[in-house]
> 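Below is one structure. I have some questions about it.
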Amino acid sequence: MVKPLIAANWKMYKTIGEAVSFAREMVGQAGSMDDREIVLAPSFASLSAVAEACRGSTIRVAAQNMHWEERGACTGEVSPLMLLDAGCAFVIIGHSERRRLFGERDKGINLKIQAALKHRLNPIFCLGESLEERESGRTFDVVEKQLERGLNDISSHDIRAVTVAYEPVWAIGTGKTATPAQAGEVHAFIRKWLAGRYGESAASSVRIIYGGSVNEKNVEELMATPGIQGALVGGASLEVRSFLGIVRFGNNG
Ligand code: 13P
């Protein structure tokens with residue numbers, strides 16, 4: 001059984017001070033939970049301070065992006081070595097905002113996943129369809145292409161370290177969550193694709209999480225859906241109270 005993973009994607013929010021005080025509070029409230037993995041993804045600027053605040057707890061730190069090269073003349077970029085040095089254990093790769101606002105393509109996403117695995121950073125590989133793609137019946141085609149291209153050349157050994165985050169673009173920041181049925185069927189599709197590519201055993205150790213308007217209210221229902229093994233949370237991860245409500249799914253009653 002893989003442990004569920006609940007990750008806070010803070011996007012371009014929180015100063016270093018705000019990020020550290022949030023992390024300290026989380027460590028106090030949930031820093032010894034070990035039946036689930038809790039991950040905080042602050043901006044690059046806050047990574048090492050947040051990692052320091054989480055040291056000695058079970059809470060792990062993720063970057064929101066990275067470059068695939070170890071070093072080079074790449075102004076504005078951050079390398080896997082730098083993320084490790086800052087104390088990251090995870091890195092979010094291919095978020096739809098990176099794809100849409102910064103022109104990220106499957107090829108570069110694949111290079112980043114390969115680089116993360118090489119450096120033992122656990123990639124959280126984001127994929128998902130737009131509203132138009134869903135409405136024109138292309139959800140599974142789109143997800144399949146993203147899987148094929150994003151995971152090109154990833155071995156059945158390395159795939160075990162990958163978390164796939166299904167984030168339908170139409171559900172991100174919109175307050176429109178995919179219904180458990182909608183999310184569940186895409187999760188099942190991803191699992192089946194992974195089993196076809198890597199075999200049942202490797203596929204069953206890949207965590208598949210859901211992102212898109214997850215909050216304290218809908219988390220129980222989502223986490224009770226077969227095939228959903230965690231959540232990538234944007235808006236509702238910005239306040240300690242609401243994020244704790246999500247992190248404590250299953251114990252809220
Ligand atoms: P929201 O939870 O704000 O919809 O954002 C989801 C997301 O993009 C997490 O990566």
> By the ring pair (Phe, Tyr, Trp, His ring centres under 6.0 Å) test, which pairs, at least two apart or in different chains, include something from residues 72-128?
none
> Quick one: do the Gln64 and Arg98 side chains pair a donor with an acceptor below 3.5 Å?
no
> Output yes when Arg134 and Glu129 qualify as a salt bridge under the 4.0 Å nitrogen-oxygen rule, no when they do not.
yes
> May I have the step-by-step check of side chain to side chain donor-acceptor pair (under 3.5 Å) for Arg191 and Gln229, ending in yes or no?
CA-CA 12 Å; Arg191 179 79 59 207; Gln229 296 164 316; 2.8 Å; yes
> Is the closest basic N to carboxylate O distance between Lys118 and Glu70 below 4.0 Å?
yes
> Which is it for Glu97 and Lys11 under the salt bridge (Lys or Arg N to Asp or Glu O under 4.0 Å) test, yes or no, and what are the steps along the way?
CA-CA 9 Å; Glu97 285 150 18; Lys11 307 190 179 185; 2.8 Å; yes
> Would you mind reporting whether Ile209 and Arg207 have side-chain heavy atoms less than 4.5 Å apart?
yes
> Looking only at non-hydrogen atoms, find the nearest pair between Phe44 and Ala63 and report the distance.
CE2-CB, 4.0 Å
> Are Asp34 and Lys3 within salt-bridge range, i.e. N to O under 4.0 Å?
no
> Does one hydrophobic cluster hold both Leu232 and Ile109, with members joined at side-chain heavy-atom distances below 4.5 Å?
no
> Hey, what's the ring geometry for His187 with Tyr210, parallel, tilted or perpendicular (30° and 60° as the breaks)?
tilted
> Please check if Leu5 and Val162 belong to a single hydrophobic cluster, counting links between Ile, Leu, Val, Met, Phe, Trp and Tyr side chain heavy atoms closer than 4.5 Å.
no
> On a heavy-atom basis, which atom in Pro123 and which in Ile113 lie closest, and how many Å separate them?
CG-CG2, 4.1 Å
> When you compare the side chain of Trp193 with that of Leu151, does any pair of heavy atoms fall below 4.5 Å?
yes
> Hydrophobic cluster mates of Val20, side-chain heavy atoms under 4.5 angstrom, ILVMFWY only, any path?
Ile16
> Would you call Glu216 and Arg248 a salt bridge, taking side-chain N to carboxylate O under 4.0 Å as the test?
no
> Considering only heavy atoms from C-beta outward, does the side chain of Ile59 approach that of Val39 to under 4.5 Å?
no
> So, taking the atom named OG1 in Thr177 and the one named CD1 in Ile172, what distance separates them when rounded to the nearest 0.5 Å?
12.0 Å
> Taking the six-membered ring of Phe249 (Phe, Tyr or Trp), confirm whether the NZ or CZ of Arg36 is under 6.0 Å from its centre and within 45° of its axis.
yes
> List the steps and the verdict of side chain to side chain donor-acceptor pair (under 3.5 Å) for Ser201 and Arg160.
CA-CA 9 Å; Ser201 155; Arg160 294 168 191 265; 3.3 Å; yes
> Hey, quick one: are Ile124 and Val219 part of the same hydrophobic cluster, counting side-chain heavy atoms closer than 4.5 Å, chains of contacts allowed?
no
> Within the structure provided, determine whether Glu37 and Ile6 are in side-chain contact (heavy-atom separation under 4.5 Å).
no
> Using the six-membered ring wherever Trp is involved, compare the ring planes of Phe140 and Phe189 and label them parallel, tilted or perpendicular (cut-offs 30° and 60°).
tilted
> Would a 4.5 Å heavy-atom cut-off, applied to side chains only, mark Leu81 and Met66 as touching?
no
> Following the transitive rule for hydrophobic clusters with a side-chain heavy-atom cut-off under 4.5 Å over Ile, Leu, Val, Met, Phe, Trp and Tyr, establish whether Met26 and Leu47 coincide in one cluster.
yes
> Side chains of Glu239 and Ser242 only: does a donor on one sit below 3.5 Å from an acceptor on the other?
no
> Mind checking the OG-CG spacing from Ser48 to Asp85? Nearest 0.5 Å is all I need.
8.5 Å
> Between Glu148 and Lys145, does at least one N-O distance fall below 4.0 Å, as a salt bridge requires?
no
> Can you hop from Trp10 to Val247 via hydrophobic side chains spaced under 4.5 Å?
yes
> Taking the side chain as every heavy atom from C-beta outward, state whether Cys126 and Ile92 have any pair of such atoms under 4.5 Å apart.
yes
> Tell me which one of Lys107, Gln114, Lys112 satisfies side chain to side chain donor-acceptor pair (under 3.5 Å) with Asn110.
Gln114
> Quick one: hydrophobic cluster around Leu131, which other residues, with the 4.5 Å side-chain cut-off, linked directly or via members?
Trp170
> Counting C-beta onward and ignoring hydrogens, is there a side-chain heavy-atom pair between Leu222 and Val214 closer than 4.5 Å?
yes
> Taking the side chain as everything from C-beta on, heavy atoms only, tell me whether Val91 gets closer than 4.5 Å to Asn122.
no
